[in-house]
Amino acid sequence: MKICKRTLMGFFTLLLSTALLCGCGAPAPASTQISDHAEVPKESAFVTIDINPSIELTLDRDRTVIAVGAVNTDAEILLWQEELVGMELESALERIVALAVEMGYVTEENTAISVTVTTEGGKTEDALLRDIDETLVNAVKDAGMNVSV
């Protein structure tokens with residue numbers, strides 16, 4: 001099959017313009033946030049918050065967020081241009097809840113939040129899970145709602 005130069009140039013022009021129109025040249029969404037530190041601290045825990053949106057946080061031993069992942073499109077929307085890396089866990093959770101309330105993901109009808117915590121070695125740390133639950137409940141209460149975690 002012979003492809004002429006003009007057809008090939010047209011294809012690449014179409015591809016480039018499609019990429020620019022769909023925002024592929026825009027900054028990466030929050031789902032790709034990674035710490036800018038030269039040495040990334042060893043992760044200590046992985047926290048998944050599922051409100052739909054579903055968000056994964058990677059924490060270091062000091063409970064500082066070192067990476068953020070958007071599990072679905074709603075999470076990409078919620079986290080767009082948010083910088084959670086470097087925040088302490090409590091502050092990051094409060095920001096996530098504030099955004100979820102503001103964008104209508106948490107409402108009077110939808111107040112269930114699922115949390116999964118996995119720590120180093122695959123163990124679940126009960127103290128960390130309790131702290132997360134308390135932070136989420138208080139953050140939603142501040143918005144005038146009750147939540148089940």
Side-chain angles (χ1 to χ4, degrees), residues 8 11-149:
L8 194 55
F11 172 76
F12 284 116
T13 303
L14 177 64
L15 184 64
L16 179 60
S17 53
T18 303
L20 292 174
L21 287 174
C22 77
C24 296
S31 62
T32 58
Q33 290 183 12
I34 299 175
S35 176
D36 291 333
H37 300 86
E39 290 183 32
V40 177
K42 183 170 171 68
E43 61 274 345
S44 175
F46 302 94
V47 177
T48 303
I49 316 294
D50 188 16
I51 307 168
N52 191 38
S54 298
I55 300 161
E56 293 178 343
L57 303 175
T58 304
L59 310 177
D60 67 8
R61 289 189 173 94
D62 296 324
R63 293 187 180 179
T64 300
V65 177
I66 59 173
V68 178
V71 177
N72 56 20
T73 303
D74 288 333
E76 288 179 9
I77 293 167
L78 181 109
L79 295 172
W80 184 253
Q81 295 186 339
E82 289 296 319
E83 183 59 52
L84 301 179
V85 172
M87 292 178 106
E88 292 191 14
L89 174 61
E90 184 175 294
S91 298
L93 292 173
E94 289 169 350
R95 183 66 186 146
I96 290 168
V97 168
L99 289 167
V101 169
E102 179 183 320
M103 294 179 173
Y105 292 111
V106 174
T107 63
E108 290 291 336
E109 295 79 33
N110 182 28
T111 57
I113 299 175
S114 175
V115 177
T116 305
V117 176
T118 306
T119 58
E120 225 172 62
K123 298 178 184 174
T124 299
E125 185 180 325
D126 291 334
L128 177 58
L129 190 55
R130 277 192 306 272
D131 291 347
I132 291 169
D133 288 353
E134 183 179 329
T135 299
L136 291 173
V137 167
N138 290 335
V140 173
K141 273 185 185 175
D142 289 347
M145 292 178 263
N146 291 316
V147 68
S148 60
V149 179

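Just so it is clear, the structure is predicted and the values come from calculations on it, not from any experiment.
- Of all the heavy atoms in Glu56 and Val71, the pair that sits closest is CG-CG2, 3.6 Å.
- Side-chain atoms of Pro53 and Asn72, non-hydrogen and from C-beta on, do get closer than 4.5 Å to each other.
- With Val68 as the fixed residue, the side chain to side chain contact (heavy atoms under 4.5 Å, CB included) test singles out one of Ile96, Thr58, Leu84: Leu84.
- Put simply, OG on Ser44 and CG on Asp60 are 7.5 Å apart, with the number rounded to the nearest 0.5 Å.
- The structure places CG of Leu93 at 6.0 Å from OG1 of Thr135, a figure rounded to the nearest 0.5 Å.
- Under a 3.5 Å cut-off, the side chain of Asn110 and the backbone N or O of Tyr105 do form a donor-acceptor pair.
- Atom OG1 of Thr64 sits about 9.0 Å away from atom CG of Leu89, to the nearest 0.5 Å.
- You'll find the side chain of Ile113 reaches within 4.5 Å of the side chain of Val140, heavy atoms only.
- Counting only heavy atoms from C-beta outward, the side chains of Ile132 and Val117 approach each other to under 4.5 Å.
- Nearest heavy atoms, Ala92 versus Met87: CA-SD, 4.1 Å.
- When every heavy atom of Leu128 is checked against every heavy atom of Ala45, the shortest pair comes out as CD2-CB, 3.8 Å.
- The shortest side-chain heavy-atom distance between Val97 and Leu136 falls under the 4.5 Å cut-off.
- Once rounded to the nearest 0.5 Å, the distance linking CD1 of Ile51 with CG of Leu99 reads 9.5 Å.
- When all heavy atoms of Ala75 and Ala70 are compared, the pair lying nearest together is CB-CB, 3.6 Å.
- Put simply, CG on Leu59 and OG1 on Thr119 are 10.5 Å apart, with the number rounded to the nearest 0.5 Å.
- Here the CZ-CD distance, from Arg95 to Glu90, works out to 15.5 Å after rounding to the nearest 0.5 Å.
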Subject >> side-chain contact (heavy atoms from CB on, under 4.5 Å) between Leu129 and Val115, worked out >> reply: CA-CA 8 Å; Leu129 190 55; Val115 177; 3.7 Å; yes
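- Considering only heavy atoms from C-beta on, Leu57 comes within 4.5 Å of Ile55 through its side chain.
- Residues Asp131 and Arg63 have side chains in contact (heavy-atom distance under 4.5 Å, counting atoms from C-beta outward).
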